[in-house]
Amino acid sequence: MNNLNVAKIQLNGNPYEINDGINLNELLNMLKIQKNKVAIEVNGEIVEKNKYTNLILNKNDKVEIVKFIGGG
Amino acid sequence: MEDVFTIANKNFNSRLIVGTGKYKSFEETANAVKASGADIVTVAVRRVNILEKNQPLLMDYLDPKSITYLPNTAGCYSSEEALRTLRLAREMGGWRMVKLEVLGDKKTLYPNMIETIKSTEILVKEGFDVMVYCTDDPIMTKKLEDVGACAIMPLGAPIGSGIGIQNKTNIALIKEQSSVPVIVDAGVGTASDATIAMELGCDGVLLNTAIAEAKNPVLMAEAMKHAVIAGRKAFKAVRMKKRQYASASSPQRNLI
């Protein structure tokens with residue numbers, strides 16, 4: 001219905017729909033991800049944690065959210 | 001006598017560094033790490049699974065405030081991939097000390113030393129403390145030291161092979177010529193392999209599969225802890241000279 005307000009981004013390699021105009025902090029809240037346990041890249045650039053609120057996501061943005069997992 | 005293990009001006013008690021991969025569960029990982037007594041654990045950087053919300057994280061089981069996380073670049077086959085991974089790791093929470101590995105071949109997981117040296121140089125300039133997985137070639141390890149690696153980590157044998165230290169002569173040679181810590185990384189299969197690495201004079205041992213793939217990982221973790229301590233003490237004690245023939249242990253005089 002309200003498709004005008006939806007923007008498609010690439011999230012961790014897959015298409016993902018977000019509400020247009022949300023910032024990175026809001027995306028993390030939506031995904032239930034704690035920001036102190038991840039690192040984020042938007043369009044190939046690492047975003048510092050204190051800039052999440054200022055970073056408004058746009059259509060076609062490529063977002064990568066990574067965490068630590070077990071490894072050798 | 002205190003025997004502190006220092007890497008990039010940071011002191012550690014244990015000379016055993018353990019990986020956190022290949023375990024059946026996070027509980028098992030945490031129990032094995034605890035039993036190993038390690039102060040440093042290696043971790044990998046991967047995408048968050050977006051579809052599975054509220055999944056448990058490694059950090060929930062191994063607190064990075066009480067154990068040192070050493071982010072790695074496992075799975076990276078180029079300098080670009082490795083640099084990207086470690087920059088992300090640093091952003092995650094200020095990890096400056098990292099393990100660089102740039103692989104050259106999927107079958108052997110042998111390091112690509114050209115890309116490795118290039119990456120080390122860049123990372124050092126960016127302020128990272130770089131511990132480097134590398135070949136057992138003393139010329140290459142010297143280059144790594146020249147470009148600022150804070151620890152040299154030659155393989156004892158291919159990653160995950162568990163066949164033990166294949167190249168004692170080279171490992172000893174590298175240790176002798178290096179002024180930064182030398183840590184055998186990869187190839188250890190059982191406790192005696194870790195002891196051998198330490199007896200050669202290495203400053204530490206890094207292993208993962210030997211514990212994770214043991215039938216009883218927690219017990220093997222404990223064995224590795226003692227193996228590293230035993231090898232270190234034997235090295236510091238300076239072993240006896242080898243002889244070609246017997247030398248009786250009981251006095252020969254006053255025999256009845």
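A note on names: the letters A, B, ... follow the listed sequences, proteins ahead of strands, and every chain is numbered from 1.
Rounded to the nearest 0.5 angstrom, A:Ile69 CD1 and B:Thr29 OG1 are separated by 10.5 Å. How far CE of B:Met92 is from NZ of A:Lys35: 15.0 Å, rounded to the nearest 0.5 Å.
A salt bridge links A:Glu41 with B:Arg84: the distance from a Lys NZ or Arg NE/NH1/NH2 to an Asp or Glu carboxylate oxygen falls below 4.0 Å.
Heavy atoms of B:Ala186 lying under 4.5 Å from chain A are absent altogether. Within the 4.5 angstrom heavy-atom criterion, only side-chain atoms of B:Glu101, from C-beta onward, approach chain A. Of the atoms belonging to B:Lys99, it is side-chain heavy atoms, and not backbone ones, that fall under 4.5 Å from chain A. For chain B, the nearby part of A:Glu64 is the side chain; its heavy atoms alone come within less than 4.5 Å. Looking at B:Tyr61, neither its backbone nor its side chain comes within 4.5 Å of chain A, counting heavy atoms on both sides. Looking at B:Asp185, there are no atoms closer than 4.5 Å to chain A (heavy atoms on both sides), in backbone or side chain.
Between the side chain of B:Glu91 and the main chain of A:Val38, no donor-acceptor pair closer than 3.5 Å is present. Not a single donor-acceptor pair under 3.5 Å links the side chain of A:Asn12 to the backbone N or O of B:Ile50.
In this structure the side chain of B:Val45 reaches within 4.5 angstrom of the side chain of A:Phe68, judged on heavy atoms. Side chains of A:Ile33 and B:Val48 form a contact here, defined as non-hydrogen atoms less than 4.5 Å apart.
Crowding of B:Lys10 atom NZ: a count of heavy atoms from other residues, nucleotides or ligands under 6.0 Å exceeding 12.
Taking each heavy atom of B:Ala44 and A:Gly70 in turn, the nearest pair found is CB-O, 4.1 Å. The nearest pair of heavy atoms linking A:Lys67 to B:Leu57 is CD-CD2, 3.5 Å.
Exactly one residue among A:Ile40, A:Ile46, A:Ile65 makes a side chain to side chain contact (heavy atoms under 4.5 Å, CB included) with B:Leu88. That residue is A:Ile46.
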